[in-house]
Amino acid sequence: MTTANSTINPDDIPSRFDFSEAQDRLYAMWEDGGYFHAEPDATKPPFTIVIPPPNVTGALHLGHALNNTLQDIQIRMKRMQGFNALWMPGTDHAGIATQAVVERRLREQENKTRHDLGRENLVARIWDWKTEYEGRILGQLKKMGCSCDWQRTRFTLDEMCATAVRHTFFDLFHKQLIYRGKRLVNWDTFLQTTVSDDEVVNETKQGNFWHFMYPVIDPQGNEPAHVVVATTRPETMLGDTAVAVHPDPAAAFDRIASELTEKLKTASSAEQKNIQADLEAVAIRRQTMLPQLEILRNMAQAGRKLMLPLVNRVIPLVTDAWAKPELGSGCVKITPAHDPNDYEVGKRCGLPLINIMNRDGSLNLEAGKYQGLLMKQARTAVVDDMEATGLLQKVEDREIEMPMSDRSKTPIEPFLADQWFVKMDSLAESAMQAVRDSRVKIYPVRYERSYLDWLGEKRDWPVSRQLWWGHQIPVWSLGCSSEKAVQDLKSQIQALNSYDAQGAAIQIELDSESDPEKRTLLGLPYATVHVCVQSNNELLESDLIQLGMVREEDVLDTWFSSALWPHSTLGWPQQTPELQYFYPTSTLITSRDIISLWVARMVLMGLNNLHEVPFKEVFIHPKIQDGFGETMSKSKGNGIDPLDVIEKFGADALRFGMAHLTTETQDVRIPVQFECPHCAHTFDQTKKNRVLPQLACPGCKQEFSTQWASTDAQKSLPRGAVTSERFEVARNFNNKLWNASRFAMLNLGGYSPAPIVESDLTIEDRWMLSRLATVSQSVTDKFEQFQFADATRELYDFAWDNFCSFYVEMLKDRFTDPTARPHAQRMLAYTLDSLLRLLHPVVPFITEEIWQNLAKLAPARGFDAVAPASPCLITAPWPRIDSHWQSPEIEQQFSMYQQTLAALREIRAKQNLPPRKEIRFSVRCTESIAVPLRPMASYFKSMAAAELFEMGPKIVPPAINAPIVLPELEIYVDLAGLIDKTAETARLEKERAKIATGIATKQAKLSNEKFMNSAPPEIVERERVALAQSEDQLKSIAEALARLR
RNA sequence: GGGCGUUUAGCUCAGUUGGCUAGAGCAUCUCGUUUACACCGAGAGGGUCGGGGGUUCAAGUCCCUCAACGCCCACCA
């Protein structure tokens, strides 16, 4: 620390904060100081946040900037409040997403598939990618100023996390909460993997509805020759194993009719019409279709068979309520292996499953002559052939919902596969209970509902992923042909020298096909023996392989490892000091789309593994949309790179902007602009221009490139940044703060540290202390309640309107008075110091820089006691809240000054007076108002070039004056020789009209008997007082107008 | 189909438990470089609070209803 400097040259401090120079320097200072690192310390309370680990798929976007800004605000405030604050950083391996981007690159750059490389090589390539992107991501977080404990950086696929994953998997396997089963999965034929339900999006597309006729074998009596079924996916007919009709169509029609009638009772008039129409349609349909449907039902019950065309398979007609008599022909084809609903029907009716598809989306042997075709090609072929055989009844155009893979943007094919599942029953219940009894609190509370609803379904969690990038499932399996073989294998395993009952668990999975003959026919085992191995045990693993067992190829769902994040990162299953001290963590800050995927699963896994919740509070922040209300994404071209914002506006502006818009709503909008790299002109993004590879600047007409640039010519152009002018507010605020501090630096020469003497306090000092106490309290509360926007707004208003516009302005006068100067300097040092602390969590760089500068001039400061300031703001204590300074009286008195000043300025502006032309004024008011107002005389002079002539209850207004009539003050500006009568008349007329309106409404209220009888007395009284004041005002204004004529 | 959210000034948003003439920033207009700041200062214009109905002495705020937009969940051969 340097000693106090007596003078400072204005040129020493630039009038703009050079953030690009300062950011890296200050960040290094913090990091070198070890301020981000937290060690268990029994003398301090812990405060812990684990970062939602960003996917290593790509660089961070604005949503991450929001998410991480909020976490850093919490962490920095808590650190200043004396907590031992740990922010645990890291990244997520993001299985499918990451493997997909690397595979895509492999294909584009080397024209290879993953199979050309093999598992090991591909995984090595993905690690390279991970290293690169992890570096970029962590670099971005650092640029944003995030104060993470980098020494603890984790990765969901690193050894520490892998150990936790295996322990958890083993534990659940051991408790029989993990099992293998057949399940129709969402198969992405492009990525050749399953995709979770959450990664499937339904898209509405224009499609067709084909009506096929399946011949009835040996129709009898009145039975039809064909049964008609309709489908949007004709190729699946190759896997049909039945056609279903409703078991009781009459009852089904009755039920629909009664439901509609019921609905009619509560429906709005607009809906009633539609319902009536529906009712009629059902009635007609019942009349026309019922006989036919009953015949079909009887056929099904009689065991009548159909001939499936093209593949010539004999399939039954079955009854199942899935077939809706009110739809189509009332018959539905059943393809159990390729449709989730049909799968259920198949289970109920004991139908065979015929899988017609290979993993790459081509047809297999079961498809007969269509083998080898892709599903899409098969569609055309099947339709053509059906038409050729005369069995295509008709084709309709229709909008269809098509499930699409969110990752590959290709259609999803339902596909039957062996999958591992986590049984959710008891786990989900425990996680629901934790929220119900508030061990985990979710803010805003409305999100509790989506959490509870989702868990309430208790659907088992499919955790297998057909990928190479991830935690490979630690299970070795072998099929056995008989119970004896199972028992033999079991004893062989248990007899292994390497076998340890503590670290290995055995499960027997009986095959779903219980008929031995069918099993033999299909080559299925009687049962499969699975061995789960807890931790890397190479000896046991190789012994199992010796026994012919094969390791599961699949890896675990990414969310499985993410679910362990709050404890795996702290060393669990080891009982590390960190785990004991920092767990459970304090707060989780994340966005709503992963409440179920991530938040819920962390809670249940935390409870399962540690019997304690992973965090006490969850804050769900809004999602960022662009100016059109669309989510931002790279693929749309409306995404903003935080680094572009940082470069243009500074990291503090990015952070301030983010905090400023974090309200409790669920979406926030940020209109997006392009910035021309040639002339820095910005212009709005449109849905059209945001997808173009190059653009011409409307300002300078020069071309620049965008993220879509692909040709060499395009790429050689300078790149235009994508930013938003919404950050200008924040940048301007920082500039204001910077310059206020610059003013302080220029005026703290000769500063001498000493406690503040209370008798030296002026009204504006007391006002500032009152405001400071109020704002400190309020901002603290708001940050703690996650009201980031409110807190930020309050700080903005306080710093700009109170501190800069008034307090600093008034200090200017006081610095010129040698006797007042030392006290004024101490107050300035003290208040600026407090303001910096309050702002630091939001804008850490600029406040730290100012703090460092302040230390050069006023190294020791304080209010009651003077002490050397902390060497760094990041570790300075959070402001003490001196509530005894809060004074409504002082604020009221100061408000009188502000109102008078505003009035003087208004007259100046309306009268168009030259800025330095001094005016004189007098004020009529009660003596109690006059007493605190008189000492402000010099400020009226410096801030409005107005000289106070006299003040009090009995003053005589100047002969020619402009009056401002306020409820408790009348201000008369002397306009002798200056008056612009036209302007003044206009002003007064307008004022009179305004007040007259007010009087009219108040009179109406007060003469309303009901109001007088029902409104609370204090409201009535308030109206009365206001009316009296307004009437006085009106009188004064009328007089002034009369004088002007 | 179920749920959640949003709709207030040209734009982005505040507006506590209903209660003085609905606020801020940006943009617009007028004036102004007074030695912290033009990324500034002073002033001004601009809103039938999405539509309709209701409760109340009083509705931006509470209730009903309709509409638009956004998100989540379920589901449609």
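Note on naming: letters A, B, ... go to the chains in the order of the sequence lines (proteins, then strands), and numbering restarts at 1 for each one.
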Quick check on [N]: is either OP1 or OP2 less than 4.0 Å from any side-chain nitrogen or oxygen of [X]?
X          : N       : value
Arg987(A)  : rA44(B) : no
Thr1001(A) : rU21(B) : yes
Arg449(A)  : rC4(B)  : yes
Arg16(A)   : rC39(B) : yes
Asn739(A)  : rC40(B) : no

>> Mind checking if Lys324(A) touches a base, just sugar-phosphate, or nothing, with heavy atoms under 4.0 Å?
In response: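 Base contact - Lys324(A) has a heavy atom under 4.0 Å of at least one base atom.
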[X] has a side chain; which of [options] sits nearest to it?
X          : options                   : result
Glu457(A)  : rC73(B), rG19(B), rG41(B) : rC73(B)
Lys812(A)  : rC13(B), rC57(B), rA36(B) : rA36(B)
Trp800(A)  : rC69(B), rC40(B), rA36(B) : rC40(B)
Arg1022(A) : rU21(B), rC57(B), rC20(B) : rC20(B)
Arg459(A)  : rC4(B), rC13(B), rA74(B)  : rA74(B)
Lys994(A)  : rU21(B), rG25(B), rG43(B) : rU21(B)
Arg726(A)  : rG43(B), rC13(B), rG19(B) : rC13(B)
Thr663(A)  : rC57(B), rG19(B), rA14(B) : rA14(B)
Ala740(A)  : rG19(B), rA36(B), rU12(B) : rA36(B)
Pro671(A)  : rU21(B), rU12(B), rC37(B) : rU12(B)

If we ignore hydrogens and angles and just use 3.5 Å, is the side chain of [X] paired with the main-chain N or O of [Y] as donor and acceptor?
X          : Y          : answer
Arg1024(A) : Ile1019(A) : no
Gln1033(A) : Arg992(A)  : no
Thr831(A)  : Leu828(A)  : yes
Asp240(A)  : Lys333(A)  : no

> Is Lys994(A) atom NZ crowded by more than 12 heavy atoms from other residues, nucleotides or ligands, each under 6.0 Å away?
Replying inline: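 Count not over threshold, so no.
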> Quick one: do the Ser778(A) and Glu794(A) side chains pair a donor with an acceptor below 3.5 Å?
Replying inline: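 Note: Ser778(A) and Glu794(A) side chains meet the donor-acceptor criterion.
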>> Checking ring-ring contact (aromatic ring centres under 6.0 Å, His included) between Phe733(A) and each of Phe803(A), Phe798(A), Tyr796(A), which is the one that passes?
In response: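 Output: one option passes, namely Tyr796(A).
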> What would the secondary structure line of RNA chain B be in dot-bracket form, counting Watson-Crick and G-U wobble pairs under 3.5 Å, with [ ] for pairs that cross earlier ones and | for pairs with another strand?
Replying inline: (((((((..((((.....[...)))).(((((.......))))).....(((((..]....))))))))))))....
> When only distance counts, do a donor and an acceptor, one from the side chain of Lys910(A) and one from the base of rA44(B), lie under 3.5 Å apart?
Replying inline: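 Absent.
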>> Regarding rA44(B), can its base be found pairing with the side chain of Glu906(A) as donor and acceptor, where the two atoms are less than 3.5 Å apart?
In response: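 No.
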Can you check the distance between [N] and [M], where both ends of the measurement are the [atom1] atom (answer in whole Å)?
N       : M       : atom1 : result
rU6(B)  : rG43(B) : C1'   : 35 Å
rA24(B) : rA67(B) : P     : 36 Å
rA36(B) : rU48(B) : P     : 43 Å
rC26(B) : rG41(B) : P     : 9 Å
rC62(B) : rC20(B) : P     : 16 Å
rU16(B) : rU61(B) : P     : 11 Å

> Could you give the distance from CD1 (Ile620(A)) to OG1 (Thr590(A)), rounded to the nearest 0.5 Å?
Replying inline: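 Those atoms lie 6.0 Å apart.
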